[in-house]
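Have a look at the structure below before the remarks.
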Amino acid sequence: MPKSIKGRGTAMTLANYVELCKVRIAVIIALTAVIGYAAMAETLDGPTLAVLTLVMVLGSASSSVFNHVWDRDIDALMKRTRRRPLVDASAADRRRALIFAALLLTAGVGLAAVALNWLVAAHLFLGAFVYAVVYTVWLKRRTWWNIVVGGAAGSFAVLAGAAAVDPGLWGLPLLMAVILFLWTPPHFWALALLLKDDYRAANIPMLPAVVGPRRSAEAILLNAALLVGAALLPWILGALGTLYGVVSLAFGLRYLLVNWRLLQDPEDRTRARHSFFGSMVYLMGVFLAVLLDRHLPGFWN
């Protein structure tokens, strides 16, 4: 993928701007919002889902672009990120990227307010703000609590999806927001186990770069246990049915086993990789459980 080269006057390309948007993350955020919508809706409305998906992609992309601009100095120090578009970009390209981020957020929030409702727009803005400002600017370079607090950004996505159905419904959406909040730390700590040397090189206090593999594996397992327990609350409290509980628990037990194995050998990169991808499998399992429980009528309910 072509890059801007500092001092040579090479302009940012369309491919560069797409890369700045971190499309994979934007899709996950949009999917999270869709699950929030599906959990509350009696039937799934195609146009509403399309608009919700679009506005969430726009909001996520805006904060990702800002993240690229703000972190260009530390990106240059890490092997994984040193070839990102803005690392060697000119000051003019960085200004254009900031304008691009502002336009994306404005379009997303504006469309959400007009086509959906004000609460969806508010959650969209707050999610982008937490990721871009609270996490990226305030916490990321200061404390290992960075991703713990920053994980709230994903929680706003599920709240936005639920608000698209009815802004007055809070019980189940809040329980799902807690699930997303607790999911983020073990997911990123597992990745940081694989990239701890990069984080140390950039002086970023991600947990594995601060306390080492064993204590990180302990923290991952503990957080995973809290996560699996929290994910059962919608079943225990009657907000979702037995089918959700059974499927969620099955995926949860698998995820706990993966992290128990990591604790037995925290230095093993393969086990850290299994933990990282296992977190995504678990989240998809919880999402699947919600969809099956809410939209598979007459089965175990």
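Sequential numbering from 1 along the given sequence is applied to the chain's residues.
Shown here for Gly241 and Trp235, the closest heavy-atom pair between the two residues is O-CD1, 3.5 Å. Smallest separation of non-hydrogen atoms from Val120 and Ala112: CG1-CB, 4.1 Å. Nearest heavy atoms, Ala272 versus Ala190: O-CB, 3.9 Å. Pairing each heavy atom of Val137 with each of Phe66, the nearest pair is CG2-CE2, 3.6 Å. A pairwise comparison of heavy atoms in Leu180 and Gly154 identifies CG-O, 4.1 Å as the closest pair. Contact between Arg141 and Trp70 at its shortest, heavy atoms only, is NH2-O, 3.1 Å.
Residues forming a side-chain contact (heavy atoms from CB on, under 4.5 Å) with Val69 (at least two apart in sequence, or on another chain): Arg72, Leu86, Ala97, Leu98. Residues forming a side-chain contact (heavy atoms from CB on, under 4.5 Å) with Arg142 (at least two apart in sequence, or on another chain): Trp138.
When the side chains of ILVMFWY residues are joined at heavy-atom separations under 4.5 Å, either directly or via intervening members, Met176 and Leu44 end up in a single hydrophobic cluster. Leu182 and Leu256 fall within the same hydrophobic cluster, defined by Ile, Leu, Val, Met, Phe, Trp and Tyr side-chain heavy atoms under 4.5 Å apart, directly or through other members. In the hydrophobic cluster analysis, where Ile, Leu, Val, Met, Phe, Trp and Tyr join through side-chain heavy atoms closer than 4.5 angstrom, Val228 is grouped apart from Leu257. Leu58 and Val18 are members of different hydrophobic clusters when ILVMFWY side chains are connected at heavy-atom separations under 4.5 Å. Residues Leu20 and Val23 do not share a hydrophobic cluster, clusters being chains of Ile/Leu/Val/Met/Phe/Trp/Tyr side chains in contact below 4.5 Å.
Counted within 6.0 Å of CD on Glu42, heavy atoms from surrounding residues, nucleotides or ligands total 12 or fewer; the atom is thus considered open. For Asp73, the CG atom is densely surrounded, since the number of other residues' heavy atoms within 6.0 Å is greater than 12.
In this structure, the side chain of Asn146 engages the main chain of Lys140 through a donor-acceptor pair within 3.5 Å. Remark: side-chain polar atoms of Ser62 are not paired, donor with acceptor, to backbone N or O of Ala102 under 3.5 angstrom. The backbone N or O of Ala177 lies less than 3.5 Å from a partner atom in the side chain of Ser155, making a donor-acceptor pair. Between the side chain of Ser64 and the backbone N or O of Ser60 there is at least one donor-acceptor pair closer than 3.5 Å.
Using a 4.5 Å cut-off on side-chain heavy atoms (C-beta onward), Trp145 and Leu139 make no contact. In this structure, Tyr135 and Ile147 have side chains that are in contact, with non-hydrogen atoms separated by less than 4.5 Å. When side chains are defined from C-beta on, Ser216 does not count as touching Trp189, because their heavy atoms never get closer than 4.5 Å. Within the 4.5 Å cutoff, no side-chain heavy atoms of Val281 are placed close to those of Tyr255. Put simply, the side chain of Leu172 reaches to within 4.5 Å of the side chain of Met40, judged on heavy atoms. A 4.5 Å side-chain heavy-atom check between Val65 and Cys21 finds at least one atom pair inside the cut-off. Side-chain contact between Leu103 and Ile99 is present, with heavy atoms from C-beta onward closer than 4.5 Å. Contact annotation: the side chain of Val178 never approaches that of Leu174 to less than 4.5 Å [non-hydrogen atoms, C-beta and beyond].
Here the CG atom belonging to Leu262 is positioned 9.0 Å from the CZ atom belonging to Arg214, to the nearest 0.5 angstrom. Here Asn223 contributes atom CG and Leu207 contributes atom CG; the two are 10.0 Å apart, rounded to the nearest 0.5 Å. Taking CE from Met206 and OG1 from Thr143, the interatomic distance works out to 10.5 Å, rounded to the nearest 0.5 Å. Interatomic distance, Ser248 OG to Leu243 CG, rounded to the nearest 0.5 Å: 10.5 Å. Here the OG1 atom belonging to Thr184 is positioned 12.0 Å from the CD1 atom belonging to Ile179, to the nearest 0.5 angstrom. Atom CZ in Arg82 sits 10.5 Å away from atom CG in Leu77 (nearest 0.5 Å).
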For side-chain contact (heavy atoms from CB on, under 4.5 Å), just list the numbers for Thr81 and Val87, CA-CA rounded to whole Å, side-chain angles, deciding distance to a tenth of an Å, and then say yes or no.
-> CA-CA 9 Å; Thr81 58; Val87 168; over 6 Å; no
Worked verdict on Met78 versus Leu195 for side-chain contact (heavy atoms from CB on, under 4.5 Å) | CA-CA 9 Å; Met78 297 192 289; Leu195 302 172; over 6 Å; no
Run the numbers on Val211 and Glu218 for side-chain contact (heavy atoms from CB on, under 4.5 Å), then give the verdict.
-> CA-CA 11 Å; Val211 302; Glu218 292 171 351; over 6 Å; no
Determine, stepwise, if the pair Trp260 / Arg271 fulfils side-chain contact (heavy atoms from CB on, under 4.5 Å).
-> CA-CA 10 Å; Trp260 173 255; Arg271 296 190 184 196; over 6 Å; no
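Between Asp71 and Arg84 no salt bridge is recorded (no basic side-chain N to carboxylate O distance below 4.0 Å). Here Arg80 does not pair with Asp197 in a salt bridge; the nearest charged N to carboxylate O distance is not below 4.0 Å.
Test Leu291, Leu288, Leu292, Val286 against Tyr244 for side-chain contact (heavy atoms from CB on, under 4.5 Å) and you get one pass: Val286. Of the candidates Leu124, Thr106, Leu54, Leu54 is the only one forming a side-chain contact (heavy atoms from CB on, under 4.5 Å) with Leu111. Applying side-chain contact (heavy atoms from CB on, under 4.5 Å) to Val34 and the options Ile29, Val158, Thr53 leaves one that passes, Thr53.
For the residue pair Asn16 / Thr13, a side-chain donor-acceptor distance below 3.5 Å is found, with atom types taken as modelled.
Note: Tyr17 and Phe100 have perpendicular aromatic rings, judged against thresholds of 30 and 60 degrees for the angle between ring planes. Between His187 and Phe276, the ring planes lie parallel to each other; the angle is under 30°, not in the 30° to 60° tilted range.
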